[in-house]
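As structure tokens, the structure follows; a few thoughts come after it.
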Amino acid sequence: MSQSKVAAHKYQDATQPIEERVEDLLSRMTLQEKADQLCQSWVTDFNPNNPQSANAQRIQPTYGSYVYFIDVPARNGVQKIAMEQSRLGIPALFGSDVIHGCFLTFPIPLAQACAWDPELVRRSCSFAASEARRSGTDWIFSPMIDVTFDPRWGRISEGYGESPYGVSVFAEAAVKGYQGETLDSSDTAACTLKHFVAYGASEGGRDYSYTDVSPVRLWEMYLPPYEAGVKAGAAAIMSSFNDLNGVPVTANHYLLTEVLRDLWGFKGPVLTDWDSIGQLVHQGFATDARDGLKFSINAGIDIDMVTYAATNHLAHWVQTGEVSQERVDESVRRILHLKFALGVFEHPYVKENDKISPERRNEGEKLAEDLAEQSMVLLKNADNVLPISPQTKRIALIGPLLADKSEVLGSWRYAAEVAQTISIEQGLREALPANVSLKTECGCDFDDDKRDGFAAAVELARQSDVVILCVGEKATMSGENTSRSSLRLPGVQEELALALAETGKPVVLVISSGRPVELQRLEPKMQAMLSIWQPGTKTGSAVARILFGQCNPSGRLAVTWPRSSGQIPLFHNMHLRARGDGDQGAYKDISTTPQYEFGYGLSYTTFTYSPIVLKFTTVKPGGELMAEVTVTNTGKVAGSETAFWFINDPVASITQPIKQLKHFEKAAIPAGASRVFKFAIKPERDLTFRNGQGDSILEPGIFNLMVGGQKVSFSVEK
Ligand code: GLC
């Protein structure tokens with residue numbers, strides 16, 4: 001309805017408070033119209049000029065929302081049906097998985113976490129929201145904030161790593177980025193915390209599997225990022241597929257109502273994941289989708305993503321009295337409130353070709369490159385072979401990823417401008433002076449067993465001064481439904497790397513992947529190893545700036561990097577074994593330490609840490625204890641260092657992990673300079689632990705504080 005028309009009803013009057021508009025509209029809706037508002041349908045190829053297209057049956061004037069739209073004409077076409085063919089003219093919402101960028105693609109979230117810069121994460125989400133909202137997405141199904149330490153689970157690529165504290169910080173940054181100050185803007189969108197909760201604990205790393213999680217682990221490891229995201233004002237939450245301790249989250253009243261609503265006061269809608277209500281049948285919790293709907297609505301689900309159970313069965317359950325009218329109205333209020341907050345009643349249609357400004361696009365591209373550079377982790381640099389010396393005249397660029405523009409974008413990038421990607425080869429060529437030769441040989445493909453390219457690759461290596469070998473995963477090897485039993489590089493890539501090492505030429509291994517991959521056989525043979533994850537549109541320019549030294553790598557691992565999948569689960573915040581961390585209980589066939597620790601990453605410079613300085617050695621509840629450490633750049637080039645502050649509570653009534661990240665800060669430090677990093681310890685925030693009921697418990701006694709290899713103890717007084 002345009003503003004110029006007099007509002008016939010209060011809900012159509014934008015000057016009225018949202019709560020009153022919701023109540024007015026709710027009072028006018030029939031039960032079936034309410035049920036349809038809770039239906040999220042999916043349409044992909046709707047053609048506004050051909051409403052009878054293949055997907056037409058999934059478009060109904062009264063459906064509340066749709067998933068999968070990045071096309072303005074299609075979206076406006078569906079919206080027109082909602083606005084003009086329904087009795088009340090309630091606009092629909094359009095959701096899509098903008099996970100790490102919409103058209104301009106940023107590094108995958110796991111990579112972004114390794115940059116340890118929440119402001120970069122906030123800005124990348126803000127930029128993505130601008131592109132997404134202007135292309136028809138009002139509702140972004142992101143950030144994915146599932147803590148996980150199982151790289152067999154391909155969705156590790158979509159989250160921010162294994163630290164509950166770290167993921168909480170990035171969750172808040174993402175919410176602020178996507179949603180800004182108001183949802184009624186063409187530069188912001190509603191965001192969705194997903195997948196609530198403990199999906200990252202899928203058994204064996206197998207997606208969609210059972211998750212057996214103790215109440216204490218649930219509160220210590222998996223719930224904190226959601227608590228942080230709710231506090232940050234996230235508009236919506238998506239429930240997870242997993243069966244949690246015998247009650248699938250989709251129908252878990254404790255989580256969806258007692259925790260989200262009663263404990264945390266979350267007010268936004270909770271939508272299921274894809275056909276989760278239907279999947280309650282596989283999980284043995286419901287005999288059919290109709291029963292599944294009753295269980296999930298009564299547990300606290302508001303919106304049914306593509307099971308179509310709400311639209312087909314909700315009226316039945318209300319008529320039998322097994323779902324109350326009040327419960328239905330609660331859900332309808334939540335989705336209507338979101339629609340009013342997004343302004344879609346006043347602006348139901350999206351302007352066509354409403355692109356972001358060229359200046360904003362340039363900012364975005366610079367941000368994409370910064371984030372890519374800062375997320376890359378230097379794993380090895382023997383004899384300082386990196387940065388590549390200017391005296392190097394002959395470079396061999398080898399491997400299946402050398403010219404790739406698509407795999408390096410990672411999963412969940414279906415609106416990405418693939419052609420705009422700067423490949424590694426392109427980035428290197430643009431950066432190299434004319435007198436340096438760069439020759440290429442693929443050597444092998446990603447995942448077949450053909451070795452006929454080896455000979456040419458080995459011959460090229462022999463004629464070169466240094467080999468840059470680009471290996472890794474395809475984008476489809478991580479993300480949803482991509483579980484792998486092994487972390488080994490796919491195909492014959494590892495064999496190619498070993499064959500090239502046999503030439504005696506220095507090999508710089510550049511690894512592009514959505515998860516930590518197995519390097520134990522390559523580590524001794526490679527001169528240098530750089531994990532670039534899946535860096536997005538600016539892959540090649542970021543790689544070139546790091547390999548040639550214009551950028552000093554500063555990425556630090558946000559997940560533990562195992563030697564092999566046989567060690568999983570292996571994570572920094574584990575509990576100590578009953579016999580300590582000696583050989584009792586350790587593996588007898590492999591080291592029990594990871595290939596690389598959480599927080600690991602090399603630089604082209606070196607940093608030293610002073611002993612930790614504590615203002616006092618005791619702190620009272622309600623007090624604050626300031627800790628400081630001085631970090632000095634003892635090398636010859638500027639670099640950025642991230643100070644990770646860990647707490648250990650060595651004796652507690654519920655045993656605590658050997659260390660837990662409680663604060664981090666990244667700063668640039670010029671060569672020869674020092675910088676003081678501080679951590680103001682607040683006992684109630686930093687020294688408490690959760691019991692199985694979610695209570696925060698502070699126990700007096702000794703605590704250990706660790707940063708940069710330094711350790712100091714202090715105590716909390718009674
Ligand atoms: C998928 C994913 C979820 C995504 C949704 C809509 O199954 O689990 O992350 O947001 O469906 O695409």
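Each ligand, and each atom within it, is numbered from 1 in the order the structure gives. Residue numbers count from 1 along this sequence.
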In this structure, is the centre-to-centre distance between the rings of F571 and F598 below 6.0 Å? no

Per-residue contact class, K194 against ligand 1 - non-hydrogen pairs under 4.0 Å: side chain

What part of R155, side chain, backbone, both or neither, has a heavy atom within less than 4.0 angstrom of ligand 1? side chain

If the threshold is 4.0 Å, N to carboxylate O, is there a salt bridge linking R152 and D150? yes

For the pair R133 and D187, find out whether any cationic side-chain nitrogen is under 4.0 Å from an anionic carboxylate oxygen.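 Answer for the salt bridge query: no.
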
With a cutoff of 4.0 Å, is H195 in contact with ligand 1, counting heavy atoms of the residue only? yes

What do you reckon, does E158 put a non-hydrogen atom under 4.0 Å from ligand 1? no

Minimum distance, heavy atoms only, to atom 3 (C) of ligand 1: which one of I140, I99, D146, D273 is it?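 Of the listed residues, D273 has the closest heavy atom.
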
Which one of N481, V67, D97 has a non-hydrogen atom at the shortest distance from atom 4 (C) of ligand 1?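 It is D97 whose heavy atom sits nearest to atom 4 (C) of ligand 1.
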
Any residue meeting side chain to side chain donor-acceptor pair (under 3.5 Å) with S209, in chain and number order, not counting sequence neighbours: none

Should the pair W139 and F141 be assigned to parallel (<30°), tilted (30 to 60°) or perpendicular (>60°) ring geometry? perpendicular

Numbered atoms and elements of ligand 1 in range of [X], under 4.0 angstrom, heavy atoms:
X	result
W274	7 (O), 11 (O)
F141	10 (O)
F241	7 (O), 8 (O)

Hits for salt bridge (charged side-chain N to carboxylate O under 4.0 Å, His left out) against K194, two or more places apart or cross-chain, chain-then-number order -> D97

For atom 1 (C) of ligand 1, find the nearest protein heavy atom and state the residue, atom name and distance (0.1 Å precision). E480 OE1, 3.1 Å

Any donor-acceptor N/O pair, T537 side chain to T105 backbone, under 3.5 Å: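 Indeed, once roles are kept as given, a pair shorter than 3.5 Å links the two residues.
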
Is there a donor-acceptor contact under 3.5 Å from the side chain of E131 to the main chain of L104? yes

For the 3.5 Å polar cut-off, considering only N or O atoms, please tell me whether W412 and ligand 1 meet it.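 Between W412 and ligand 1 (N or O atoms, distance only) the closest approach is not under 3.5 Å.
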
